[in-house]
2 protein chains.
Amino acid sequence: MNSFEIARLAGVSRSTVTRVINNYGNVHPKTKSKVLKVMEEYNYRPNATAKKLSSKKSNVVGLLVIKDIDQSSPSFLADAFFGPMIDTIIHSASKRGYRIMLDIKEENDKNILNLFHDKSIDAGIFLSWSNLQPTLHEAADLGYHCGVIDFDFAIERDDSIVVMDVSDKQSAYKATKYLIDLGHQHIGFITGIKSKRCSIERLEGYKSAHLESGLEVNECDIYEGFFNEVDGNAAVEKWMETGKLPTAIFAANDKMAIGALNALHKKGIRVPEDVSVIGYDDVILSQYTSPKLSTMKVPVSEMAHNLIHTLIDKLEGKEGVQKRRTFIAELVERESTAKLRKMKKK
Amino acid sequence: MNSFEIARLAGVSRSTVTRVINNYGNVHPKTKSKVLKVMEEYNYRPNATAKKLSSKKSNVVGLLVIKDIDQSSPSFLADAFFGPMIDTIIHSASKRGYRIMLDIKEENDKNILNLFHDKSIDAGIFLSWSNLQPTLHEAADLGYHCGVIDFDFAIERDDSIVVMDVSDKQSAYKATKYLIDLGHQHIGFITGIKSKRCSIERLEGYKSAHLESGLEVNECDIYEGFFNEVDGNAAVEKWMETGKLPTAIFAANDKMAIGALNALHKKGIRVPEDVSVIGYDDVILSQYTSPKLSTMKVPVSEMAHNLIHTLIDKLEGKEGVQKRRTFIAELVERESTAKLRKMKKK
DNA sequence: CTGAAAGCGCTTACAG
DNA sequence: CTGAAAGCGCTTACAG
């Protein structure tokens, strides 16, 4: 059953069937209902592939997950960020009549842009923790519509790429300010790898909150970790050894915060009574620690929603689309943070 | 740039270009290299859509995530099972030349099969926690190639559907047997909702291990939970109130095991010194609890790998494909289980 | 509001 | 081993 058959059965031309299928409007109501009836009766479904070929538009957006070769994370999709993002992207895209093609590649794979090259997709959203700058440039230069969620605040491109980013600086500022407002004056910061831009930004946020409140920043309160649990642990141990355990700890990600939580627990230090701990990311895990971890949540769904809509606007040629938007993480108060107690166990 | 142009530039016919593109073999080496050279030179990429239309094959497999309307899980993709499964599916499919189209729908959505209807996909894999029996039947009756990972052991279909399932009974048996072998004689079981087939199966496994070892099954050692943390907690509390805390606890999923872990921790009971705890699922969380949770891991990647390959075999018309395969969960020993101590704190 | 014709970019028999 | 022709199932101008 194809449009030709439908046309024949409805006594019209294929052009008219096309008009009905796509709701073009310039069809006489009677003709339209006649065609619709036949389509209904024969359970006709237009062939998506034929439509793509003739209309030169796939109505498919690629979701290009680029794996970091170093980081052997078991599954990218199970990632706290990417899961909800993909979910949102699919829903929002669907409402606009777009489908999603999912691809996973390693960062050095020569075929990353294949989906673009063979015209399988109209646009692509890149999901990755690695540096996509070169790939994005290449794609944009070829005229492909690209979008990214830039956690690293690293994409320096003109407006040919749609990018949603998070200001790590402002977010870290917000977290630190929150602890200061709780009365804490001695706040430890477990930073991420310093070579990463996001680490630098977060550190700046931590510092600027101190500065603004007239608090001194002490280098020994800053511990450099590698975004994993072990380093959260190590930070606490180091501070305890030197006898300079802060009354509040801000970790640059949840994993390190959880490591700190565990270390404190082992040492018999109560959270949040003795020490407050706040993380960053709002990984699912954070809801299951005891005490439940307070943290900074990146508004991933909102970002994903904006990204896909902007990208579709762009590829559909809509004018005056704002191609870049910056978000700030939200504070999620749970059980691991509390007001500073006056009487503190030494 | 299209195949016609390539043909012209290489001085051959389009048929020959097609032969080269698809590696059909019956092309003279010299002709082939000539064509390849031109394709290379002009950076030619065959249009996937045109290929699909003419070959009547999309080389796309749909990943149909069907959401349970009751269960408002934040993100299905972040699910401990679906994440790694999708990952594996994409990789395995890619090696076979297939792409993945991802769709998320609610279980009562009338458009669940749209991707099939409009010929966007050659086959579909359903991912869901809800009962897919009706949907699968409908799809199979329409001749669509379908595959499922059946955690519920509920799909009763002939071999028109490819299904990979897990024997909950054998897996639960294995977990229980493990505890018995550690010397435990008093093993509590936190079962899941009894209306779910998987719960019944797991309970049977628990019982059969007891039977086989000559141990009695005591109804008061069985607590019915709803697969969430709170119920794991409640189970422990109930057992403590009645003074009948087992020396080992087997929970029908990790969340309940974690709940039990937390409850024991609060009561000052040491794990695994006083009580052993084992879960089921091997959720990522389990690696982060303290002590780290021993659990039963469903071999999701292996299942996904088998599923996609079998499905592709089937749609490519390969003969003698085994369309159903049953897996057993693997024991993951971590820190929450240990040999029964003779001297037990009362 | 409607239709005839051409075209999208490939592949598929068929013939040689 | 190679080519000419027809076709996949739609949509797109164009004409009326």
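Letters A, B, ... are given to chains in the order of the sequence lines, protein chains preceding strands, and every chain is numbered from 1.
Residues of residues 32-44 of chain A that place a heavy atom closer than 4.0 Å to DNA chain C do not occur.
Taking 4.0 angstrom as the limit, A:Ser13 places none of its side-chain polar atoms (N or O) nearer than this to OP1 or OP2 of C:dA4. Taking only side-chain nitrogens and oxygens, B:Thr31 comes nearer than 4.0 Å to OP1 or OP2 of D:dT2. Between A:Tyr24 and the phosphate of D:dT12, there is a side-chain N or O to OP1/OP2 separation shorter than 4.0 Å.
Residues B:His145 and B:Phe116 keep their aromatic ring centres 6.0 Å or farther apart.
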Problem set entry | Pairing annotation in dot-bracket form, given for DNA chain C with Watson-Crick or G-U pairs under 3.5 Å and | for cross-strand partners | |||.||||||||.|||
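Distance B:Phe4 CZ to D:dG3 P: 13 Å, rounded to the nearest Å. Following rounding to the nearest Å, B:Lys57 (NZ) and D:dG9 (P) show an atom-to-atom distance of 17 Å. In this structure, NZ of A:Lys119 is placed 9 Å from P of C:dG9, rounded to the nearest angstrom. B:Asn2 places its CG atom 9 Å from the C1' atom of C:dC10, with the value rounded to the nearest Å. B:Lys51 places its NZ atom 21 Å from the P atom of D:dC10, with the value rounded to the nearest Å. A:Asn22 has its CG atom 7 Å from the P atom of D:dT12, to the nearest Å. Atom P of nucleotide C:dT11 and atom CG of B:Asn59 are separated by 11 Å, given to the nearest angstrom. Taking atom CD1 of residue A:Ile6 and atom P of nucleotide D:dT11, one finds them 13 Å apart after rounding to whole Å.
Looking at A:Arg45 and B:Asn114, their side chains do bring a donor and an acceptor atom within 3.5 Å of each other. Judged by distance alone, the side chains of A:Asn22 and A:Lys51 do bring a donor and an acceptor atom under 3.5 Å apart.
When the salt bridge (Lys or Arg N to Asp or Glu O under 4.0 Å) test is applied to A:Glu316, the partners found at least two apart in sequence or on another chain are A:Arg96. Every residue meeting the side chain to side chain contact (heavy atoms under 4.5 Å, CB included) condition with A:Asn108, not counting sequence neighbours, appears here in chain and number order: A:Ile69, A:Glu106.
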Taking only N/O atoms, report every protein-nucleotides 5-8 of chain D pair under 3.5 Å with atom names and distance.
{"residue": "D:dC8", "atom": "O3'", "partner": "B:Lys56", "partner atom": "NZ", "Å": "3.0"}
{"residue": "D:dC8", "atom": "O2", "partner": "B:Ser54", "partner atom": "N", "Å": "3.4"}

Exercise. Where do A:Ser301 and A:Thr88 land on the side-chain hydrogen bond (donor to acceptor under 3.5 Å, both in side chains) test, with the steps shown first?
Worked result: CA-CA 6 Å; A:Ser301 287; A:Thr88 304; 3.2 Å; yes
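Across the interface with DNA chain C, nearest-nucleotide mapping of B:Arg45 and B:Arg19 shows B:Arg45 to be the residue nearer the 5′ end.
Residue pairs satisfying the salt bridge (Lys or Arg N to Asp or Glu O under 4.0 Å) criterion with at least one member in residues 20-43 of chain B, sequence neighbours excluded, are absent.
Note on A:Lys52 versus B:Asp118: no salt bridge recorded, every NZ/NE/NH1/NH2 to OD/OE distance being 4.0 Å or above. B:Asp103 and A:Arg99 are not joined by a salt bridge, as no carboxylate oxygen comes within less than 4.0 angstrom of a charged side-chain nitrogen.
Here the side chain of B:Asn26 is nearest to one of C:dT11, D:dT11, D:dT2, namely D:dT2.
Side-chain atoms of A:Asp68 do not come within 3.5 Å of backbone N or O of A:Trp129 as any donor-acceptor pair.
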